[in-house]
Every structure is written in C-alpha cells, then in structure tokens.
Amino acid sequence: MTTAQTQELDVQPTPLALLLLGREADPKSERGVECPGDLPSPSDPDLVERARKAKEKLGDKVFVLGHHYQRDEVIQFADVTGDSFKLARDAAARPEAEYIVFCGVHFMAESADILTSDDQKVVLPDLAAGCSMADMATAEQVAECWDVLTEAGIAEQVVPVSYMNSSADIKAFTGKHGGTICTSSNAKRALDWAFEQGEPSTTKVLFLPDQHLGRNTAVRDMGMSLEDCVLYNPHKPNGGLTADELRAAKMILWRGHCSVHGRFSLDSVRDVRERIPGVNVLVHPECKNEVVAAADYVGSTEYIIKALEAAPAGSKWAIGTELNLVRRLANRFAPEGKEIVFLDKTVCFCSTMNRIDLPHLVWALESLAEGNLVNRIEVDKETEAFAKLALERMLALP
C-alpha cells in the first residue's frame, strides 16, 4: 500500500505493518512457510505476465477463487470473488475444473475440498495462510468441552452451531453432534433452527468459534440478554465456568474472535463521528458487542458491499472490516461521490490472508501448468462426511 492510499483511507501505518502484510512468519501458530521450489521474487517485474501466461496455459483446467480480503494484485486473477462459502459453492459448480486455486485461507480451502468432487484438487498457494479465529478451537479442545457439558448433565440439551470460519474438524464435530454451520448472513436462521431441535426452555447452543458473532446474533437479532450468554475459555479448567453457570445459560460462546474485527473499539466509533459529521458507521458482526451496538448498520461482507452500492452519492461511510476490502470499495465508489474511510486510524490487514501474494500465486499456477500438483488441501473421508452433513443442514435452513 502506498502512502497516498493510506492517507486516502485516513489510516496511518504502524510498526507492525510489514508483519500484517504477510512478510514475516510465526512458527508457533502457522502450518508452514516454505514452498517446495523457488518462490519468485516480489520485485520481479514480470510477475503479472507470468501469472497471466500460466493461467492461460491451464485454461479451463484451473478455476481461481479470490476472497474479498485478498490483495488487489491477487484479486485481478480471480475468476470469481466473494466470501468463503460462496466461493466454495462456486468451485463445486465448476466440475470441469481439475484445479481449484483458492486465494483465501486454510479453512476456506477445506470447505471447497468438502464440497467439490473427488476428481477436483484444491490448492492453497501458501500453506501458512491460516485463520487465527479458526485456530482458536481445536478438535481436542472441543471434545474436552463436550465432556464438561456431559459432566454438567446438559450435553443432550446442547446443539452445536459452528461458524463457517472453522476447521473441517470442528465442522465434522458439529455434524456428528446434530448441529449446523452458519455464515455471518444466516446466523440468526441457524440459531432459530438450533433452538427448535428441543424444548425451547431447556435447549442450549454451543457457538463456535467466534464469540462476537454468537453474542451479537443472540442479543441484537434474537432479543436475548447478555446474561443469557456465558463464555467458555478452553484454556481454563471446565472452561472457567461452574456447572450451574452452564445449566443457566442459553448461549455457550467459545472464547474465539477475529483478530481484525476484534480490534475495532467504541473509541473508534466515537472518534470517526467527531472527525466526519454525518458519517454512517457500518461494521461486520464479528466486531465486539459494544461496537455493533454503537454502529448504524451491521452486516456480513456481502451486506457491506450491497449497502455501499445502494448508498446515495455524497454519503459518508466508516467501515469496520478488513482494510483491503475497504480500500477497494473506497476506490470503486469514489467516482460516485461516496466518501468511504476505514473505521480505525491504524492499518488493519488480515495478516494470514495477506500471505497469498502474487509470488505465491505465480508459483502455484506455474507449478500446475508444468504438471506439478502443489499445496493440495485434502480432507479425510470421515471428517468430510460429518462436515458435509453439517453444511447440508445449513443449506436446508428455511
């Protein structure tokens, strides 16, 4: 990002900017950072042409998916763009594509593998492109949580609802235990369905792994109170909760969050309202409850895009979501006289999403064009079966 672009969005780079751009590694939390080959230099002036030629050589054999949070340098080569579940479904609708190159993060590529045919191969250009939120709930931790719920005598009353931003293992756990998956767009419908699976007065939901989406949906959209929600911390004995607290709760929220959306604060909202009179504050439901409560509009990534498309010329907007998308929207709607700024005053990229850069994409496409399958994401059959069951329940939601 250039200095002019950051000034345009009213943000200031921080010392962490290079890390957030995906140029550094954290071996304690990431799946891997090495490519089994020579990664092109980011300064190679021919990268765009190399990507174009490799994609052209592959023809219909490759289908490139680009998540909204990807860099512009990558998005330009995407055949379709969208949120994670839309992209996975788009891949399944292209059975003629032998290779699905997913420019997103690990759990998204897993979902694509679950929904596509056995003949299709899903590739993630950089295996280090994980998701900090998804990594906050491991299969072992969730199994231990279920044991805690069983010991409290309530497991039979609990329906798991897992956010799409979760690993295949968590989706499989959800399917195996009678639950469903949700997106940020249909979370209320998923929770309505879950509470209909038993007695309304006793049924509970274990919401994984994003506490904020679960809390915001329950309180803002379903009329529950904050007291109806308890927070299960997998790093504390019994989740840091007593059996009585678990029995009294309607929503058992996993202690997970999005590192991007979780950074927006009430001060961010107050500050932007002072600086830009008449501004509309539009945030993603992964933001904290107090931020959502103070915003004018709340919705998924697709909702944010559609709201700005429908906004009148001359309107002013502060957006609380990932910076790559906000920057792209600001540039797109500037000719229409719409002023769009980033809600926070400091740079806030999704650090792992940004690991999919042009050198990694070129490396993946050229490898495939040469007949070398790299970085394949493959979910084992048992996990796939239960995860697919949970996804199918979501697709069947009214």
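Residues take their numbers from the sequence shown, with the count starting at 1. Since this is a predicted model, take the numbers as computed values, not measurements.
The neighbour count for D60 CG, taken as heavy atoms of other residues, nucleotides or ligands under 6.0 Å away, does not exceed 12. Open room surrounds CD on E144; 12 or fewer heavy atoms of other groups in view lie less than 6.0 Å from it. Within a 6.0 Å radius of CD in E96, other residues, nucleotides and ligands contribute more than 12 heavy atoms.
Using a 4.5 Å heavy-atom cutoff, the side chains of D83 and S300 are not in contact. Contact check for V101 versus P125: side-chain heavy atoms found under the 4.5 Å cut-off. With contacts defined as side-chain heavy-atom distances shorter than 4.5 Å, the pair Q70/N324 does not qualify. Residues I304 and W317 fail the side-chain proximity criterion, which asks for heavy atoms closer than 4.5 Å. By the 4.5 Å heavy-atom criterion applied to side chains, T301 and I305 are counted as neighbours. Between L149 and I252, the closest side-chain pair of non-hydrogen atoms falls below 4.5 Å. Counting heavy atoms from C-beta outward, F63 and Q120 have side chains that stay 4.5 Å or more apart. Looking at heavy atoms from C-beta onward, P234 lies in side-chain contact with W254 at the 4.5 angstrom threshold.
Rounded to the nearest 0.5 Å, atoms CD (E286) and OG (S259) are 9.5 Å apart. Atom OG of S111 sits about 12.5 Å away from atom CZ of R89, to the nearest 0.5 Å. With rounding to the nearest 0.5 Å, the separation of OG in S184 from NE2 in H284 is 3.5 Å. With rounding to the nearest 0.5 Å, the separation of CG in L115 from CG in L395 is 7.5 Å. Considering OG1 of T203 and NZ of K250, their distance stands at 7.5 Å, rounded to 0.5 Å. Here T217 contributes atom OG1 and H212 contributes atom NE2; the two are 12.5 Å apart, rounded to the nearest 0.5 Å.
Counted by atom type alone, H68 and T81 present zero donor-acceptor pairs between their side chains at under 3.5 Å. Between the side chains of D271 and S268, no donor N or O sits under 3.5 Å from an acceptor N or O.
Residues I170 and S162 approach most closely at CG2-OG, 3.6 Å, considering heavy atoms. For the residue pair F386 and A172, the shortest heavy atom distance occurs at CB-O, 3.4 Å. Of all non-hydrogen atoms in A364 and V123, the two that sit nearest each other are CB-CG1, 4.4 Å. For the pair L358 and V74, the tightest heavy-atom approach, listed with the atom from each and the gap, is N-CG2, 3.9 Å. The shortest heavy-atom contact between A168 and T383 is O-CG2, 3.5 Å. Closest approach of L397 to R189, counting heavy atoms only: CD2-O, 4.0 Å.
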Subject >> side-chain hydrogen bond (donor to acceptor under 3.5 Å, both in side chains) evaluation trace for D228 with S225 >> reply: CA-CA 5 Å; D228 289 324; S225 69; 3.2 Å; yes

Subject >> Audit row: F77, V48, side-chain contact (heavy atoms from CB on, under 4.5 Å) steps and yes/no >> reply: CA-CA 9 Å; F77 292 104; V48 170; 3.9 Å; yes

**OP:** Would you check, one step at a time, whether the test side-chain contact (heavy atoms from CB on, under 4.5 Å) holds for M136 with H257?
**Re:** CA-CA 8 Å; M136 289 177 189; H257 65 275; 3.4 Å; yes

Subject >> Working for salt bridge (Lys or Arg N to Asp or Glu O under 4.0 Å), residues R332 and E309 >> reply: CA-CA 10 Å; R332 174 184 170 186; E309 287 175 341; 2.7 Å; yes

**OP:** Before giving the answer on side-chain contact (heavy atoms from CB on, under 4.5 Å), spell out for L368 and L373 the whole-Å C-alpha distance, their side-chain angles and the decisive distance to 0.1 Å.
**Re:** CA-CA 6 Å; L368 295 175; L373 177 60; 4.0 Å; yes

**OP:** Walk me through it: do D119 and E98 pass the test side-chain contact (heavy atoms from CB on, under 4.5 Å)?
**Re:** CA-CA 7 Å; D119 294 330; E98 181 180 353; over 6 Å; no

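A continuous path of ILVMFWY side-chain contacts below 4.5 Å connects Y303 to V292, so both sit in one hydrophobic cluster. Under the 4.5 Å side-chain heavy-atom criterion for grouping Ile, Leu, Val, Met, Phe, Trp and Tyr, M222 is connected to F207 within one hydrophobic cluster. Cluster membership for I340 and Y297, using ILVMFWY side-chain heavy atoms within less than 4.5 angstrom, is shared. When hydrophobic clusters are built by joining Ile, Leu, Val, Met, Phe, Trp and Tyr residues whose side-chain heavy atoms come closer than 4.5 Å, directly or via intermediates, L365 is grouped together with L124. Hydrophobic clustering, with ILVMFWY side chains joined whenever heavy atoms are under 4.5 angstrom apart, keeps V161 apart from L389.
Under a 4.0 Å N-O distance rule, the pair D244/R247 qualifies as a salt bridge. A salt bridge links E336 with K338: at least one charged nitrogen is closer than 4.0 Å to a carboxylate oxygen. Salt bridge absent: D90 and R94 never bring a charged side-chain N and a carboxylate O closer than 4.0 Å. A salt bridge links E56 with R52: the closest approach of a Lys/Arg side-chain nitrogen to an acidic carboxylate oxygen falls below 4.0 angstrom. The residues K53 and D46 are annotated as not salt-bridged, no charged nitrogen and carboxylate oxygen being separated by less than 4.0 angstrom.
Side-chain N or O atoms of D79 include one that pairs as donor or acceptor with a backbone N or O of V64 at under 3.5 Å. No donor-acceptor pair under 3.5 Å is formed between the side chain of N289 and the backbone N or O of N216. The backbone N or O of G179 sits less than 3.5 Å from a side-chain atom of R393, completing a donor-acceptor pair. The backbone N or O of L241 sits nowhere less than 3.5 Å from a side-chain atom of N238 that would complete a donor-acceptor pair. Proximity of a side-chain donor or acceptor of N280 to a complementary backbone N or O of K316 within less than 3.5 Å is detected.
Remark: aromatic rings of W146 and F173 are close, center separation under 6.0 Å.
Within the structure, salt bridge (Lys or Arg N to Asp or Glu O under 4.0 Å) contacts touching residues 153-176 (residues at least two apart or in different chains) do not occur.
Among E196, M224, M251, the single residue meeting the side chain to side chain contact (heavy atoms under 4.5 Å, CB included) criterion with L191 is M251.
Using cut-offs of 30° and 60° on the angle between ring planes, the pair F342 and F264 is perpendicular.
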